[in-house]
Colleague: 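Structure provided below as structure tokens; questions to follow.
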Amino acid sequence: MEVEAYLGTSDRAAHSWRGLTDRTRVIFGPPGHAYVYFIYGMYECLNFVCEPEGQAGCVLIRALEPLAGLATMRRRRPAAHRTEDLASGPGKLTLAMGITRKLNGADLVTGPLQLLKPRHESPFEVQTTPRIGITHCADWPLRFVIADNRFVSR
DNA sequence: AGGATGATGAAG
DNA sequence: TTCATCATCCTA
């Protein structure tokens, strides 16, 4: 599991940095919703909106450990030859899970994509590192990974 | 190391 | 209406 935080208007790496636009509308909306954006002409990335309505701030979901639907994910990700590669990056993750911009703005509690509490939660240690793939504020320690976890990018 | 690929936002 | 930029992935 791997995530990155993007702050509101103070974070030059964040889409919300320039303020409210058509694209950033859902980031400024209520928390608990999905922000899905299109990048590099081919990929989509999933974020969770985290700040109260009117403020901007979200978390980019960069990688996760696939637990269910493995066969479906393998079909969607023919380039992934190992289970660890199915969702080990923000673009790979959305491909594996079939997440597209149609889910932009979806409610993560009641909508078609739901964030659930795990049935069994095992303890883990969080490791903090700089964010990946950005130019502005590149040294801010806002990337969080489960320590020693195989299911992360890179 | 480089190419695929198109939306976005700002400038003209 | 152009233009640079971009929170990426894959093949070589």
Side-chain angles (χ1 to χ4, degrees), chain A residues 1-67 69-108 111-115 126-147 149-154:
Chain A
M1 180 63 168
E2 169 184 355
V3 301
E4 279 177 4
Y6 285 86
L7 312 184
T9 46
S10 63
D11 182 357
R12 253 196 113 185
H15 291 167
S16 50
W17 175 64
R18 298 168 200 275
L20 183 63
T21 67
D22 270 349
R23 180 215 219 177
T24 61
R25 176 156 299 118
V26 340
I27 310 178
F28 284 87
H33 289 244
Y35 167 51
V36 184
Y37 67 89
F38 190 58
I39 189 69
Y40 296 122
M42 354 176 84
Y43 299 104
E44 286 154 292
C45 296
L46 170 68
N47 296 251
F48 296 158
V49 176
C50 292
E51 295 290 332
E53 184 161 11
Q55 298 178 50
C58 60
V59 169
L60 169 68
I61 313 302
R62 288 191 58 89
L64 51 75
E65 175 179 355
L67 295 176
L70 275 282
T72 305
M73 290 191 181
R74 275 191 247 279
R75 173 162 36 82
R76 291 169 174 156
R77 297 249 327 112
H81 293 152
R82 305 173 312 165
T83 304
E84 293 94 313
D85 299 326
L86 283 174
S88 59
K92 303 179 199 173
L93 183 151
T94 53
L95 284 173
M97 298 192 69
I99 291 169
T100 70
R101 281 163 289 173
K102 290 199 303 261
L103 288 171
N104 189 38
D107 189 319
L108 292 169
L113 176 66
Q114 298 197 351
L115 184 56
V126 176
Q127 186 179 356
T128 305
T129 81
R131 294 179 291 188
I132 290 180
I134 56 173
T135 53
H136 297 292
C137 313
D139 52 337
W140 291 16
L142 292 177
R143 174 173 173 262
F144 307 94
V145 300
I146 296 180
N149 187 356
R150 289 163 19 250
F151 298 88
V152 301
S153 66
R154 184 61 114 97

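Side-chain atoms are counted along with the backbone in the values below, which use heavy atoms only and exclude waters and symmetry mates. Here is the naming used below: chain letters follow the sequence lines, and residue numbers restart at 1 for every chain.
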Colleague: Using heavy atoms to find the nearest nucleotide of DNA chain C for A:Ile39 and A:Ser153 separately, return the residue whose nucleotide is more 5′.
Modeller: A:Ile39

Colleague: Round to a whole Å and report the spacing from CG of A:Asn104 to P of B:dA7.
Modeller: 14 Å

Colleague: Nearest whole Å is fine: how far is C:dT8 C1' from A:Asp85 CG?
Modeller: 15 Å

Colleague: Over all heavy atoms of both residues, which pair between A:Glu2 and A:Ile132 is shortest? Give the atoms and the distance, please.
Modeller: OE2-CD1, 4.1 Å

Colleague: Identify the pairs formed between an N or O of the protein and an N or O of nucleotides 10-12 of chain C at a distance under 3.5 Å, and give each distance.
Modeller:
residue	atom	partner	partner atom	Å
C:dC10	OP1	A:Arg77	NH1	2.7
C:dC10	OP1	A:Arg77	NH2	3.1

Colleague: Just the rounded figure in Å: distance from C1' of C:dC9 to CD1 of A:Ile132.
Modeller: 14 Å

Colleague: Any strand counts, and the cut-off is 3.5 Å on both contacts for Watson-Crick or G-U wobble. Which nucleotide pairs with C:dA7?
Modeller: none

Colleague: Can you see which heavy atom on A:Tyr6 is nearest to which on A:Ile134, and at what distance?
Modeller: OH-CG2, 3.7 Å

Colleague: Quick check on ring pair (Phe, Tyr, Trp, His ring centres under 6.0 Å): which of A:Phe38, A:Phe28, A:Tyr37 does A:His15 satisfy it with?
Modeller: A:Tyr37

Colleague: Just how far, in rounded Å, is P of C:dT8 from CD1 of A:Ile134?
Modeller: 9 Å

Colleague: Taking only N/O atoms, report every protein-nucleotides 9-12 of chain B pair under 3.5 Å with atom names and distance.
Modeller:
residue	atom	partner	partner atom	Å
B:dG9	OP1	A:Thr21	OG1	2.6

Colleague: Apply the side chain to side chain contact (heavy atoms under 4.5 Å, CB included) test between A:Leu86 and each candidate in A:Lys92, A:Glu65, A:Arg74; give the one that qualifies.
Modeller: A:Arg74

Colleague: What is the distance, to the nearest angstrom, from the CD atom on A:Glu44 to the P atom on B:dT5?
Modeller: 15 Å

Colleague: Using whole Å, report how far CG of A:Leu93 lies from C1' of C:dA7.
Modeller: 13 Å

Colleague: Touch check for A:Gly41, heavy atoms < 4.0 angstrom, all strands: base, sugar-phosphate only, or nothing?
Modeller: base

Colleague: If you measure from the ring centre of A:Tyr6 to the centre of the six-membered ring in the base of C:dA7, is it under 5.5 Å, with the planes under 30° apart?
Modeller: yes

Colleague: Which atoms form the tightest heavy-atom contact between A:Ala34 and A:Val26, and what is the distance?
Modeller: O-CG2, 3.7 Å

Colleague: Ignoring hydrogens and geometry beyond distance, is the side chain of A:Tyr37 in donor-acceptor contact with the base of C:dA7 at under 3.5 Å?
Modeller: yes

Colleague: Say whether, by atom type as modelled, one donor and one acceptor occur between the side chain of A:Thr94 and the main chain of A:Glu44 under 3.5 angstrom.
Modeller: yes

Colleague: If B:dT5 has a Watson-Crick or G-U wobble mate with both distances under 3.5 Å, name it; if not, just say none.
Modeller: none

Colleague: Provide the closest heavy-atom pair for A:Val49 versus A:Ile27 in the form atom of the first, atom of the second, distance.
Modeller: CG1-O, 3.7 Å

Colleague: Show the nearest heavy-atom pair for residues A:Arg76 and A:Leu95, with the distance to one decimal.
Modeller: CD-O, 3.3 Å

Colleague: A:His136 has an atom NE2; how far is it from atom P of C:dT5, in whole Å?
Modeller: 9 Å

Colleague: Can you identify which nucleotide, out of C:dC6, C:dA7, B:dA7, has its nearest atom closest to the A:Tyr35 side chain?
Modeller: C:dA7

Colleague: Say whether, by atom type as modelled, one donor and one acceptor occur between the side chain of A:Ser88 and the main chain of A:Arg154 under 3.5 angstrom.
Modeller: no

Colleague: With a non-hydrogen cut-off below 4.0 angstrom, is A:Leu60 in contact with a base, only sugar-phosphate, or nothing?
Modeller: base

Colleague: Would a 4.5 Å heavy-atom cut-off, applied to side chains only, mark A:Leu108 and A:Leu113 as touching?
Modeller: yes

